[in-house]
Amino acid sequence: MSMQRKHTWPSLLTANGKGIAFGGDYNPDQWPEEVWDEDIRLMKQAKVNVVALGIFSWDRIQPAEGEWDFAWLDRIINKLGDAGISVDLASATASAPIWLYNKYPEVLPQDKYGHVINAGSRQSWRPTSPVFKRFALALCKALAERYADNPTVTAWHIGNEYGWNNREDYSDDALREFRLWCARKYGSIDALNKAWGSSFWSQEVHSFDDVLLPRHMGPDSMVNPSQQLDFERFGNDMLLEFYKAERDVIAEISPDKPCTTNFMISTDQCAMDYAQWGREVDFVSNDHYFHEGESHLDELACSDSLVSSIAERNPWYLMEHSTSAVQWKPLNARKRHGELLRDSLAHVAMGADAINFFQWRQSAFGAEAFHSAMLPHAGEHSKLFERVCELGEALDMLSSAGVPGSTLVSSGTAILFSAQSEWATRCQTLPSNKLNHWHDVRDWYRAFLDAGSRADVVPLSAHWEGYSTVVLPTMLVLSNEDAYRLKTFAAAGGTVIVGYASGLVDEQFHVGLGGYPGAGDGVLRDMLGIRGEEFNILGDEAQGETREISLSNGMVTRLWQNDIDVVPDADVLATYEGEGAEEWELQGVPAITSHAYGDGKAIFVGCDLKCEDIARLISKELSEVLTNTSSSIDYATSEFEDIDAGANRSVNNAILHTVRKGENGIFDFYIVRGNSPVEVSVEAGTVLVAQHCTQADSSAQPDHQTRYALQRNGILITKRQA
Ligand code: GLA
């Protein structure tokens, strides 16, 4: 495991170099130079203080092999610097020029059918291509040499959303590198055969030169899941190595400027093992695109929580989000009044010290012409630009109040996420192909909010032993080591909640024997006090069959039930009941159990549940978890004193409440989750920092408290002494 790089935050060009970084991707090469001065005038008007420059500008910087043109880049960087706007300068390698693909078509990736991926979009390159790497690193070197000493450039933006278009490559370069990767990982071919279970279907290999990529093997073929999981890891590792090679070329020439790359942790995306990537950046950056509908804010907070954990609670950089609609979904909803500011401040509430957008000026052409931007097609005299200016003001106020540098206070509960389980649940040879680890993490996150509390999302590979409760939703893959970590944690007094379809396979995708879940040679089973023999899978496919089964506590399960026995000292919290249970021989079988283990306890939730039911479970059957997680604030008396006890408390489930703590004070963020107004009373001596869709009640309140009425999309930010 490589060492974590030291967290280094990029400076702004403000007097003390500090403040919340506000701006967006800037693509001046899409516009005639006459527009640039107007851009800068309007950026200043909106209080923009940083732009990410040149992300897709390779062709303009290197118009032909051996030809360079930095003059335009010098001009725009100078203009930005003169206006006090700092530059996060791209390595410009995300989109290669057509001349490169024409001359060196061997850099193009191949899909699993052997089709070459055509040029014409972006990221049409294979990370394993030595030719592509040579060109990309030459570009990094040229940029670093030119701008290492430029005071306007304060950070390096390496690549862009690695893996967006080239996450999987089945080319011959990939095959060569995969064989080398396997040789490094396994050391001997016997070890690989054992790990991949190659005796199944006569797949033993005799040398690393026999190792195959999981290319298309016929319409009905099934891929060896152990090989597939290694291929996922390999794809992640190749892109990470590519990023590191670019970073190292730049960092060697420009050691004083921090490097980052933008992750894609949002809605339906969590494609990489970002816990691993987080150790390789100087500051963590993420792109977040919103989830339409009632879970919009909850999903944002859930994604951000994982980002904040990966950043080890240091402030992190929101590199992209949208001012309004995107253009890449089937239907692209716009943001309603208040949502632009609410979303932006919610990211700050979740630990972001940079609020940036894709992109500054809305494109007039190209694939993203209908993607919203900070400066819309309608121009500066528009509602949207007014809102952008309003946001600039608000962020400025937060900077003056001392928010930057403060860190998000942790909760007492960690919902664990693992990229390995995320990849593994997408495998096509499981009892159900409807499993989705990341979505179940999101449901549990939401359920904690619905239960009036807030959990953190934490990588399984991180240090989570400081939490009082850990939750493992659909954690399909558990290594022996992780199973033992959980056992030690529970024995020492922790509470472990294990969801259905967890701990079924180890990191080689070998099933643990002796009954489910078999992780850690039975350690997980012992801890939970259960043993399962079969899974009961429901779905719409089987006509005439029952599609749901009820639980004795009124809940309902629709996808997956574990048919288990329990040890005598386990408590059964709910059983399967009713017609569906009868039909599937599950009548009276335990569905949710609790087992005392050492000084702690282990809870098994053996079936899928709707978010509302998980929330009910948390607030009723598992209510002691809530006491560990957070003490609900009584807003009539508004007590904050035990903040250091690790409490992040919600008024109730109508508010998302987070706390950031720093040398300038303690900042409370209250954000309305639903559509109804909420009242929040804060104690005397608390200073108002910012409010949005919120009104203070001027009538006298007990104990000199102040009461605020927060409307839909309302936010209240207050400050108190540390
Ligand atoms: C990604 C990319 C941007 C842009 C946006 C559009 O995040 O990094 O260049 O394409 O998507 O939403």
Side-chain angles (χ1 to χ4, degrees), residues 7-26 43-53 80 83-88 152 154-155 157 258 260 262 282-288 300-301 304 307-308 311 313-323 339-360 374 387-409 658-671 687-692 715-719:
H7 170 76
T8 313
W9 191 255
S11 308
L12 293 173
L13 302 182
T14 51
N16 62 2
K18 292 190 180 154
I20 294 183
F22 174 51
D25 285 11
Y26 182 35
M43 282 179 191
K44 283 171 78 172
Q45 190 176 320
K47 293 193 183 296
V48 162
N49 54 26
V50 65
V51 292
L53 185 67
L80 289 161
I85 299 166
S86 65
V87 169
D88 166 32
T152 300
T154 58
H157 181 294
T260 195
N262 41 350
D282 298 320
F283 60 101
V284 167
S285 308
N286 193 47
D287 294 351
H288 185 271
L300 179 157
D304 284 5
V307 177
S308 170
R313 302 277 168 257
N314 287 307
W316 54 273
Y317 205 104
L318 182 69
M319 191 61 85
E320 290 178 27
H321 68 151
S322 64
T323 55
E339 285 178 349
L340 165 58
L341 202 89
R342 191 276 312 265
D343 285 0
S344 299
L345 297 187
H347 288 297
V348 178
M350 294 301 297
D353 267 1
I355 298 299
N356 288 255
F357 293 89
F358 175 81
Q359 60 178 327
W360 162 250
M374 299 172 83
R387 287 173 192 166
V388 166
C389 293
E390 189 192 0
L391 173 61
E393 285 290 341
L395 295 176
D396 207 33
M397 277 190 320
L398 299 196
S399 295
S400 310
V403 170
S406 61
T407 55
L408 184 63
V409 176
T658 69
V659 180
R660 290 185 59 166
K661 200 174 168 196
E663 56 188 24
N664 301 314
I666 296 174
F667 299 90
D668 287 278
F669 294 76
Y670 306 90
I671 311 174
V687 178
L688 174 69
V689 175
Q691 62 185 62
H692 167 61
I715 289 211
L716 171 68
I717 306 172
T718 58
K719 178 177 174 178

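For the single chain, residues carry numbers from 1 onward in sequence order.
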Legend entry - Worked check of side chain to side chain contact (heavy atoms under 4.5 Å, CB included) between Phe669 and Leu345: CA-CA 9 Å; Phe669 294 76; Leu345 297 187; 5.8 Å; no
Inset, instruction - Taking Lys47 for its side chain and Asp396 for its backbone only, find out whether a donor-acceptor pair lies under 3.5 Å. - result: no
Inset, instruction - Report yes or no: does Thr154 contribute a side-chain atom to a donor-acceptor pair with the main-chain N or O of Leu12 at less than 3.5 Å? - result: no
Inset, instruction - Go through His288 and Val307 one step at a time and tell me if the side chain to side chain contact (heavy atoms under 4.5 Å, CB included) criterion holds. - result: CA-CA 10 Å; His288 185 271; Val307 177; over 6 Å; no
Inset, instruction - Look at the side chain of Asp287 and the backbone N and O of Glu320, then say whether any donor-acceptor pair between them is shorter than 3.5 Å. - result: yes
Inset, instruction - Specify the closest pair of heavy atoms between Ala83 and Lys44, including all atoms of both residues, with the distance to one decimal. - result: CB-CD, 3.8 Å
Inset, instruction - Report yes if the side chains of Val388 and Leu340 come closer than 4.5 Å at any heavy-atom pair, otherwise no. - result: yes
Inset, instruction - Taking the side chain as every heavy atom from C-beta outward, state whether Met43 and Leu80 have any pair of such atoms under 4.5 Å apart. - result: yes
Legend entry - Side chain to side chain, Phe283 and Asn314, heavy atoms closer than 4.5 Å: no
Legend entry - Inter-residue atom distance Asp88.CG - Thr152.OG1, 0.5 Å rounding: 13.0 Å
Legend entry - Residue pairs, two or more places apart or on separate chains, that pass salt bridge (Lys or Arg N to Asp or Glu O under 4.0 Å) and touch residues 345-356: Asp353-Arg660
Legend entry - Spatial distance of atom CD1 (Ile355) from atom OG (Ser344) [nearest 0.5 Å]: 5.5 Å
Inset, instruction - For the pair Asn664 (side chain) and Gly402 (backbone), establish whether a donor and an acceptor sit closer than 3.5 Å, ignoring hydrogens and angles. - result: yes
Inset, instruction - Measure across Ile671 and Ala349 and return the closest heavy-atom pair with its distance rounded to 0.1 Å. - result: CD1-CB, 3.8 Å
Legend entry - Contacts of Ala690 that satisfy side chain to side chain contact (heavy atoms under 4.5 Å, CB included) - sequence neighbours left out: Met397, Leu398, Ile717
Legend entry - Atom pair CZ/CG of Phe667 and Leu408 - distance to nearest 0.5 Å: 13.5 Å
Inset, instruction - Please name the pair of heavy atoms, one in Ser86 and one in Ser11, separated by the smallest distance, quoted to 0.1 Å. - result: OG-O, 4.0 Å
Inset, instruction - Would you confirm whether Ser399, through its side chain, and Ile20, through its main-chain N or O, come within 3.5 Å as a donor-acceptor pair? - result: yes
Legend entry - Derivation and outcome, side chain to side chain contact (heavy atoms under 4.5 Å, CB included), residues Asp668 and Val659: CA-CA 5 Å; Asp668 287 278; Val659 180; 3.5 Å; yes
Legend entry - Heavy-atom donor-acceptor pair, Trp9 side chain to Pro258 backbone, under 3.5 Å: no
Legend entry - side-chain hydrogen bond (donor to acceptor under 3.5 Å, both in side chains) partners of His347, counting only residues at least two apart: Asp304
Inset, instruction - Quick one: pull up CG in Asp25 and CE in Met319 and give me the separation to the nearest 0.5 Å. - result: 8.0 Å
Legend entry - Over all atoms of both residues, closest heavy-atom pair of Ser406 and Pro315: O-CG, 3.9 Å
Inset, instruction - State whether the side chain of Thr407 and the backbone N or O of Arg313 hold a donor-acceptor pair below 3.5 Å, judged by distance alone. - result: no
Legend entry - Value rounded to 0.5 Å, distance of OH in Tyr317 from CG in Asn356: 4.5 Å
Inset, instruction - Would you mind reporting whether Val51 and Ile85 have side-chain heavy atoms less than 4.5 Å apart? - result: yes
Inset, instruction - To the nearest 0.5 Å, tell me how far Met374 CE sits from Tyr26 OH. - result: 12.0 Å
